[in-house]
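Data first, discussion second: the structure below is written as C-alpha cells.
Note that the numbering runs from 1 along the sequence shown for the chain. Source: prediction; values computed, not measured. Note that these values count all heavy atoms, side chains included, but never hydrogens, waters or copies made by symmetry.
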Amino acid sequence: MTDAQWQTCDEPDRMLTALQDAYSDRKMLLFACACMRIAGPQLPPAVGGIADTCEKVADGVVGASQRKSVLRNLAAAFGGDPVGAAAFAYGLIPLGAKLLGRQVVTTARAVSILGPNALHASVTVPSHHSGQADLMRELHGPLIVRPGFDPDWRNETTEGLARAVYEQKAFDRLPILADALEDAGCTDPEILGHCRADGAIHAKGCWVVDLVIGLE
C-alpha cells in the first residue's frame, strides 16, 4: 500500500495488514478502545465501560491482577480468541495484543454497522468502515514517509501541552500545541496541519501527541 492509498483507504483490516509489525501493542489496544467508542450506544453499557480501563492497561498503569481481569472481560464481551486473550493476560504480549485487539476492532465494526445483535450472532462483518479508518490514520499518521521530530521542538511548554491532551483527552488544545511547536521551530506541514485540521477525528494515541511525548 502506498501513502496515497493509505490516505483514502476505508478498510481497517487492510490497513492493519499494511502496518505489519510496525504497530505497537499499546497502539493496537488504544485503537481497539477508540473503535469501541465509535460503536458507542450500540454496545451494552457493561461492554462500553471497558474502554476506559483498557486504556489504562495500554498505558501500563494497572497491576498485573487487574490487567488479567480487564482483558478476560474484554475477550468474553467481544468473543475474542481465548488463546490470544490468555496469552496477552499472562504476558505473551506480541501474540495476545494483536489477536485480542483485532477481534475487538472487528466486532465493534460489526456492531456499529449491524447493531447490538452482532455481539451474539454469527454475522458477515463488513470490511469498510470510514470511522475506523480515520482512527487508524489518527493513531499512526502517514504510512511510509512519516515526519521526523526534532528534539529541539520538545520543551516544557510543548511536552506539557501534549501530556495534557493525552491524559485528559483535551483535543481542543491541539491547535494550541501546534502554535507552541511552531514557536519551538517546527515548520512541518503534516504535524502542524494535523493539529489544526477542522473537524478531524482525534483519539488517545494521536501520532503527533505521541511524537511530542516520545511514545510508541
Side-chain angles (χ1 to χ4, degrees), residues 3 6-13 15-16 18-19 22-43 48-61 97 101 104-105 108-109 111-113 128-143 145-149 153-154 157-184 186-216:
D3 265 327
W6 172 267
Q7 291 301 328
T8 58
C9 184
D10 69 349
E11 296 181 80
D13 291 338
M15 296 172 80
L16 281 168
L19 286 173
Y23 218 45
S24 70
D25 301 296
R26 169 183 162 272
K27 286 279 194 182
M28 185 71 243
L29 281 179
L30 290 178
F31 178 51
C33 290
C35 290
M36 278 191 266
R37 290 199 167 93
I38 282 186
Q42 300 277 47
L43 294 173
I50 293 175
D52 289 337
T53 309
C54 195
E55 283 180 350
K56 295 177 183 178
V57 173
D59 286 336
V61 296
V104 172
V105 169
R109 181 163 71 247
V111 169
S112 67
I113 295 173
H128 300 269
H129 193 293
S130 59
Q132 286 191 349
D134 286 341
L135 281 172
M136 178 63 68
R137 285 183 281 269
E138 156 70 0
L139 268 66
H140 187 75
L143 175 62
V145 184
R146 303 189 70 196
F149 190 86
W153 302 341
R154 186 180 293 118
T157 301
T158 58
E159 188 169 3
L161 279 166
R163 288 195 178 279
V165 171
Y166 184 81
E167 293 168 5
Q168 301 170 29
K169 300 189 183 76
F171 304 117
D172 59 318
R173 300 182 201 174
L174 282 171
I176 302 173
L177 176 60
D179 292 343
L181 286 168
E182 207 164 29
D183 289 343
C186 175
T187 59
D188 188 279
E190 286 198 88
I191 290 176
L192 299 177
H194 182 79
C195 291
R196 291 170 172 159
D198 290 333
I201 188 171
H202 292 295
K204 189 166 189 174
C206 164
W207 69 276
V208 172
V209 172
D210 278 4
L211 276 178
V212 179
I213 298 175
L215 295 173
E216 293 293 336

For residues [X] and [Y], determine if any side-chain heavy atom of one lies less than 4.5 Å from a side-chain heavy atom of the other.
{"X": "His140", "Y": "Phe31", "result": "no"}
{"X": "Ile38", "Y": "Arg109", "result": "no"}
{"X": "Leu181", "Y": "Phe149", "result": "yes"}
{"X": "Trp153", "Y": "Ile191", "result": "yes"}
{"X": "Leu19", "Y": "Trp6", "result": "yes"}
{"X": "Asp134", "Y": "Asp10", "result": "no"}
{"X": "Met136", "Y": "Pro12", "result": "no"}
{"X": "His202", "Y": "Val165", "result": "no"}

Separation between [atom1] of [X] and [atom2] of [Y], rounded to the nearest 0.5 Å:
{"X": "Thr8", "Y": "Asp3", "atom1": "OG1", "atom2": "CG", "result": "11.0 Å"}
{"X": "Glu55", "Y": "Met36", "atom1": "CD", "atom2": "CE", "result": "8.0 Å"}
{"X": "Glu159", "Y": "Ile213", "atom1": "CD", "atom2": "CD1", "result": "7.0 Å"}
{"X": "Arg163", "Y": "Leu161", "atom1": "CZ", "atom2": "CG", "result": "12.0 Å"}
{"X": "Asp59", "Y": "Leu215", "atom1": "CG", "atom2": "CG", "result": "7.5 Å"}
{"X": "Leu16", "Y": "Met28", "atom1": "CG", "atom2": "CE", "result": "5.0 Å"}

Would Asp52 and Lys204 pass as an ion pair if we require N to O under 4.0 Å?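 No, Asp52 and Lys204 are not salt-bridged.
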
Kindly give the heavy-atom pair with the smallest separation between [X] and [Y], and that separation in Å.
{"X": "Arg196", "Y": "Ala178", "result": "NE-CB, 3.4 Å"}
{"X": "Leu30", "Y": "Gly205", "result": "CD1-CA, 3.9 Å"}
{"X": "Leu135", "Y": "Cys35", "result": "CD1-N, 4.0 Å"}
{"X": "Leu211", "Y": "Pro147", "result": "CD1-O, 4.3 Å"}
{"X": "Arg137", "Y": "Cys9", "result": "NH1-O, 2.9 Å"}
{"X": "Cys195", "Y": "Leu177", "result": "SG-CD2, 4.5 Å"}

Backbone N/O of Val105 and side chain of Gln132: donor-acceptor pair under 3.5 Å: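 Answer holds: yes.
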
With a 3.5 Å distance limit and no angle check, can you tell me whether Arg154 reaches the backbone of Val212 through a side-chain donor-acceptor pair?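 Answer holds: yes.
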
Given side chain to side chain contact (heavy atoms under 4.5 Å, CB included), test Leu139 with Asp210 step by step and report yes or no. CA-CA 9 Å; Leu139 268 66; Asp210 278 4; over 6 Å; no

